[in-house]
Amino acid sequence: MVYLNGNFIKKNKAFVSVMDRGFLFGDSIYEVLPVYEGNIFCMKPHLDRLDNNLKTVNIPNPHTSEKWAKLLRELLAHQPKHKHQYIYLQVTRGCDVDRKHTYDKLEPTVYMQSTSFEDSNRDEYLLGASAITRDDIRWSQCNIKVTSLLANIMYAQEAKQNNVEEVILCRDNVVTECSSSNLFIVKNGCVYTHPKGPHILPGITREVVLECADYCGINTEEVPISKEDLFDADEVWISSSTREVLPITKIDSVLINQGQVGEIWPLVYDRFQVEKSLNG
Ligand code: PMP
């Protein structure tokens with residue numbers, strides 16, 4: 001069952017008009033919320049980010065946080081009892097009578113679906129994953145979680161064709177984030193990640209990772225990271241709602257830490273698992 005504009009219906013019965021601006025222009029905002037054993041992880045930060053993003057693009061938020069929380073729980077109640085799932089939520093500006101770039105007052109379209117997913121596997125993560133680097137061709141408002149994801153999709157497909165986990169993006173020799181995750185490096189015991197701003201999505205998982213590092217007594221700094229720093233790092237990690245925090249041990253065929261997951265990652269990953277069990 002999925003949710004569309006006030007109704008819980010079967011996915012194959014859920015249709016959106018061709019006049020929907022989400023379809024025509026990608027004029028819409030989305031969120032992805034992980035759900036562990038029925039508990040929505042970091043619901044408030046996700047709903048706050050949704051609200052901020054909607055305000056930024058001038059789409060009225062159709063619901064209060066309380067109403068969103070209620071709808072999310074109702075959506076979960078309609079699912080078969082998956083152990084873990086993630087909710088995809090999308091709000092478009094709505095349907096107009098004809099296709100035009102400008103808009104007047106419209107009724108937003110709200111769509112939500114839930115998909116089961118495998119929890120992260122520590123042993124698998126300890127094998128390390130690979131990535132490639134590419135120039136960031138995206139626009140300069142990557143902080144907004146918009147559904148116009150053509151560049152991200154092109155990178156994801158390139159990652160798939162190269163049999164790697166992610167594409168690390170580079171702007172003026174600074175590595176900012178990845179096609180669908182944030183980026184961290186560790187050097188001499190300190191965790192570094194790009195500061196919030198127009199060139200990265202302010203990942204909810206990124207915040208949790210920084211908090212976990214902090215909890216473990218590890219220093220963190222939000223500063224730009226050069227491509228040289230990336231290849232010279234002791235550890236490289238990526239983070240996202242569906243991957244949590246995942247170590248990268250090979251980039252563009254260059255081994256990081258001789259291809260071994262470093263010492264700091266397990267501390268942060270283990271603390272992350274505790275956060276998951278506490279947060280709901
Ligand atoms: N950056 C980009 C470009 C992303 O698409 C995502 C997740 N979809 C992230 C970072 C990570 O964000 P979050 O931790 O909120 O899932």
Side-chain angles (χ1 to χ4, degrees), residues 26 28-36 40-54 56 68 72 84-91 112-115 117 119-120 129 131-160 164-171 174-185 191-213 220 222 224-225 236-248 268-269 272 275-276 279:
S28 66
I29 297 294
Y30 77 106
E31 272 299 324
V32 173
L33 301 92
V35 183
Y36 299 110
I40 304 168
F41 187 57
C42 295
M43 180 166 64
K44 186 175 178 326
H46 278 284
L47 291 179
D48 287 349
R49 182 171 67 182
L50 173 71
D51 190 55
N52 285 335
N53 285 174
L54 289 170
T56 305
W68 276 119
L72 291 168
H84 305 304
Q85 43 199 306
Y86 65 89
I87 296 175
Y88 172 82
L89 179 170
Q90 181 177 350
V91 182
M112 293 195 289
Q113 66 169 49
S114 187
T115 310
F117 85 118
D119 201 359
S120 67
I132 50 176
T133 58
R134 290 290 180 267
D135 285 335
D136 195 346
I137 57 161
R138 299 174 304 163
W139 71 336
S140 300
Q141 295 207 39
C142 304
N143 52 319
I144 316 174
K145 208 163 164 64
V146 285
T147 57
S148 341
L149 288 170
L150 193 51
N152 307 60
I153 284 165
M154 286 160 70
Y155 290 129
Q157 192 62 17
E158 215 181 333
K160 186 179 167 185
V164 296
E165 177 71 28
E166 255 294 21
V167 176
I168 298 173
L169 301 175
C170 195
R171 236 182 243 258
V174 168
V175 284
T176 49
E177 62 169 348
C178 307
S179 78
S180 63
S181 55
N182 289 114
L183 181 74
F184 298 81
I185 67 163
V191 176
Y192 298 90
T193 194
H194 194 279
K196 282 189 203 169
H199 292 160
I200 68 161
L201 184 86
I204 305 300
T205 324
R206 174 185 175 280
E207 287 305 313
V208 180
V209 169
L210 289 174
E211 280 164 26
C212 290
T220 62
E222 297 177 51
I225 300 161
V236 175
W237 316 332
I238 60 168
S239 75
S240 76
S241 291
T242 49
R243 295 178 176 101
E244 302 174 2
V245 56
L246 184 154
I248 299 289
V268 171
Y269 175 84
F272 198 107
E275 289 286 331
K276 273 162 60 180
N279 183 302

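Counting begins at 1 with the first residue of the sequence. No hydrogens, no waters, no symmetry mates; every other heavy atom, side chains included, goes into these values. Indexing begins at 1, ligand by ligand and atom by atom, following the structure's order.
- Residue contacts with ligand 1 do not include Val32, since none of its heavy atoms lies under 4.0 Å from the ligand.
- The residues Lys196 and Glu222 are annotated as not salt-bridged, no charged nitrogen and carboxylate oxygen being separated by less than 4.0 angstrom.
- Of all the heavy atoms of Arg243, none lies under 4.0 Å from any atom of ligand 1, so neither backbone nor side chain is involved.
- Checked against a 3.5 angstrom limit, the closest N/O atoms of Ser239 and ligand 1 fall outside it.
- Contact annotation: Pro202 has no heavy atom less than 4.0 Å from any atom of ligand 1.
- Among Pro45, Gly203, Ser181, Ala151, the residue whose heavy atom lies closest to atom 10 (C) of ligand 1 is Ser181.
- The two residues Glu177 and Leu201 come nearest to each other via the heavy atoms OE1-N, 3.1 Å.
- Using 4.0 Å as the threshold, Glu207 has no heavy atom nearer than that to any atom of ligand 1.
- Annotation: side chain of Trp68 is not in contact with side chain of Asp51 (no heavy-atom distance under 4.5 Å).
- Of the N or O atoms in Ser241, one or more lie within a sub-3.5 Å distance of an N or O in ligand 1.
- A donor-acceptor pair shorter than 3.5 Å can be found between the side chains of Ser179 and Glu166.
- Ser120 places none of its side-chain heavy atoms less than 4.5 Å from the side chain of His84.
- Residue Glu177 has at least one N or O atom closer than 3.5 Å to an N or O atom of ligand 1.
- Nearest to atom 7 (C) of ligand 1 among the protein's heavy atoms is Ser180 O, 3.5 Å.
- Ser240 and Ser180 are not linked by any side-chain donor-acceptor pair at a separation below 3.5 angstrom, with hydrogens and angles left out of the test.
- Annotation: Arg49 places an N or O atom under 3.5 Å from an N or O atom of ligand 1; distance criterion only.
- Assignment of Cys142 to the shell around ligand 1 is not supported, since no heavy atom sits closer than 4.0 Å.
- The shortest heavy-atom contact between Val91 and Ser28 is O-CB, 3.1 Å.
- Ligand 1 has a nitrogen or oxygen under 3.5 angstrom from a nitrogen or oxygen of Lys145.
- Separation of atoms NE2 (His199) and NE2 (His194) is listed at 7.5 Å; rounding is to 0.5 Å.
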